[in-house]
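Working notes, structure below.
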2 protein chains.
Amino acid sequence: MQVYNYKVWKSPVSDNPPKFKREPAEHRREALIKATLSLIAEKGVQAATVRAIAARADVSQGMIRHYFSSKEELITAAYEHHMDRLTDLTSASADADSGAPAARLAAFVVGSLTPPVVDAGSVSLWAGFLTKVHDDMQMRDSHERTYYNFRNRLEALIAAVLEEAGQPATPQKLRHLAIACNAVIDGLWLEGGILSGAFAPDELPEIGIRSVGAILGMNLKKAGQQR
Amino acid sequence: MQVYNYKVWKSPVSDNPPKFKREPAEHRREALIKATLSLIAEKGVQAATVRAIAARADVSQGMIRHYFSSKEELITAAYEHHMDRLTDLTSASADADSGAPAARLAAFVVGSLTPPVVDAGSVSLWAGFLTKVHDDMQMRDSHERTYYNFRNRLEALIAAVLEEAGQPATPQKLRHLAIACNAVIDGLWLEGGILSGAFAPDELPEIGIRSVGAILGMNLKKAGQQR
DNA sequence: CTTGTAATTATACACTTGCATGATTACGAA
DNA sequence: TTCGTAATCATGCAAGTGTATAATTACAAG
């Protein structure tokens, strides 16, 4: 049974084909992380075994312990990579919009509720990791960090919107609004990823904008369209 | 190394202590399910091994295959048990309130966002199972069933509230409102369970009621208090 | 061309996993 | 009491797990 399928390439002299290639460390780490993520997204954490990861990354299983001090460390690195990618994607959609605060908030919401952020694999990954957040301290820290990062970004957008509308809120009120809006987005993102077929293409962003607008007491939809 | 600790009780004749006791089948199934749930809640799905479950239920590991056709079937049964318990708990808080529709909806929201529904173990359990929802078809069906069960209940409460307020909504509008309110509740429930210490005791229900009210365009808080 | 050395592979080990099987044992029926 | 049988236990097995270690091998410096 051939398990490994190490990459083959042409040798300068064809009669002595090298059996593997030395790659820069960052390349290898990235390949291992991507292999881990795709495995977890497809078949869950329990499928991300040392051998399966190595096979998917086209390397021998020894590489994992060569580039990470343990398999757990690889899992954690993969989690951070995934979450960073998610926040980058949503932030990008808000930052791309240089219009009024309301428009930027709307873009942020829509970005969070459309592919590739809304995705079955993403949710599966997130849930798979969440299991470890419970007891692994490093994971717990990582989760809190990304959660607050997202919520604070949201809170800043909300503050700008309220200020522009001439309805500034107290810090506590602002905090509550951010928590609430964050919850709607999270909930919609979740079910959108799990029950992918249960919603029409633009249904989720639509509901998201309307709900966030309702919570803030204004019509984000119109504000978002007039850009 | 002593692994098992079978229950000991007094024998009618003390010189011949029986080594185990025959229990009704339903007792055993329930004990195995509870052992499974507590294990998953504490240390994640990967800790719910045949041996660990048996040890916690104070039986030999053979019992699992005796009462369930496979370990997977036990896991599924445990999932359904857990979800049924969650929906029962939230429904109970709404059904207990026989007041105005708005009060019942408020009770439903509050019940969903206070312990024991909001609980680290519950969320951990839910996330652990979610991993399996992705590929296991039976799990997928079970998830959809409980999800729609919860959302439909919510939708019925919302419909009653809107009707009483003289603002009946179209089916599509009603569906959107239910999805949105469901999302807020889910999101708040999630973070409340994960970051248990990050919220004040009554902060989550407070935010929940205010947000659901905002989405529906009314003040649920006052309506809930006047019972 | 040599040669050193770090990257990579190959293999082995101790342990855990779910499941199967046969040996016990409690307990109701006769 | 005796006895049958289903419930329960004890043990073993093959496959899979993460990790450790030694054997290869690419590749650049001299």
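Everything quoted here is computed from the prediction, not taken from an experiment.
In the interface, the side chain of B/R22 is paired with the base of D/dA6 through a donor and an acceptor atom under 3.5 Å apart.
In this pair, B/H82 and B/F129 present their aromatic rings tilted. The plane angle is within the 30 to 60° band.
Among the nucleotides C/dT9, C/dT8, D/dC9, the one closest to any side-chain atom of A/E23 is C/dT8.
Atom CD1 of A/I64 is separated from atom P of C/dA7 by 17 Å (rounded to the nearest Å). Look at CZ on B/R29: it is 13 Å from P on D/dT8, rounded to the nearest Å. Between the P atom of C/dC19 and the CD1 atom of B/I53 lies a distance of 11 Å, rounded to the nearest Å. Look at CD on A/E26: it is 13 Å from P on C/dA7, rounded to the nearest Å. Atom-to-atom, CZ of A/F68 to P of C/dT8 comes out at 13 Å; the value is rounded to the nearest Å. B/I75 places its CD1 atom 12 Å from the C1' atom of C/dG18, with the value rounded to the nearest Å. Rounded to whole Å, the distance from CE on A/M63 to C1' on D/dA26 is 12 Å. With rounding to whole Å, A/F20 atom CZ is found 16 Å from D/dA23 atom P.
Between atom CG of residue A/L105 and atom SG of residue A/C181 there is a gap of 7.0 Å, rounded to the nearest 0.5 Å. Considering CG of B/L74 and CD of B/E72, their distance stands at 9.5 Å, rounded to 0.5 Å.
Of the side-chain N and O atoms in B/K19, one or more sit less than 4.0 angstrom from OP1 or OP2 of C/dT25. At the phosphate of C/dA7, neither OP1 nor OP2 sits under 4.0 Å from any side-chain N or O atom of A/Y67. Phosphate contact (OP1/OP2 of C/dT8, side-chain N/O of A/H66, threshold under 4.0 Å): absent.
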Please set out all donor-acceptor pairs under 3.5 angstrom arising from side-chain atoms of residues 146-159 of chain B, sequence neighbours excluded.
from	atom 1	to	atom 2	distance (Å)
B/T146	OG1	B/S142	O	3.3
B/T146	OG1	B/H143	O	2.9
B/Y147	OH	B/R151	NH1	3.1
B/N152	ND2	B/Y148	O	3.0
B/R153	NE	B/S91	OG	3.3
B/R153	NH1	B/S91	OG	3.3

Which atom pairs, one a donor and one an acceptor, fall under 3.5 Å between side chains of residues 26-33 of chain B and the rest of the protein, sequence neighbours left out?
from	atom 1	to	atom 2	distance (Å)
B/H27	ND1	B/E23	OE1	3.3
B/R29	NH1	B/Y67	O	3.1

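Between A/P116 and A/L89 there is a side-chain heavy-atom pair separated by less than 4.5 Å. Between B/V123 and A/L130, some side-chain heavy-atom pair lies under the 4.5 Å cut-off. The shortest distance between side-chain heavy atoms of A/D202 and A/E206 does not fall below 4.5 Å. At a threshold of 4.5 Å between non-hydrogen side-chain atoms, the residues B/D141 and B/R145 do not count as touching.
One N or O on the side chain of B/Q46 and one on the backbone of B/K43 form a donor-acceptor pair closer than 3.5 Å.
The stretch residues 34-42 of chain B does not touch DNA chain C, since none of its heavy atoms comes less than 4.0 Å from the strand.
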Taking only nitrogen or oxygen atoms into account, show me every contact under 3.5 Å that the protein makes with nucleotides 28-30 of chain D, one pair per line with its distance.
none

Tabulate atom names and distances for all N/O pairs under 3.5 angstrom spanning the protein and nucleotides 15-18 of chain D.
from	atom 1	to	atom 2	distance (Å)
D/dG18	OP1	A/K71	NZ	2.5
D/dG18	OP2	A/V50	N	2.7
D/dG18	N7	A/R51	NH1	3.0
D/dG18	O6	A/R51	NH2	2.8

key: Worked verdict on A/E80 versus A/R85 for salt bridge (charged side-chain N to carboxylate O under 4.0 Å, His left out)   = CA-CA 8 Å; A/E80 303 205 330; A/R85 180 175 165 273; over 6 Å; no
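Residue pairs that meet the ring pair (Phe, Tyr, Trp, His ring centres under 6.0 Å) test with at least one member in residues 176-209 of chain A, sequence neighbours left out, are A/W126-A/W189.
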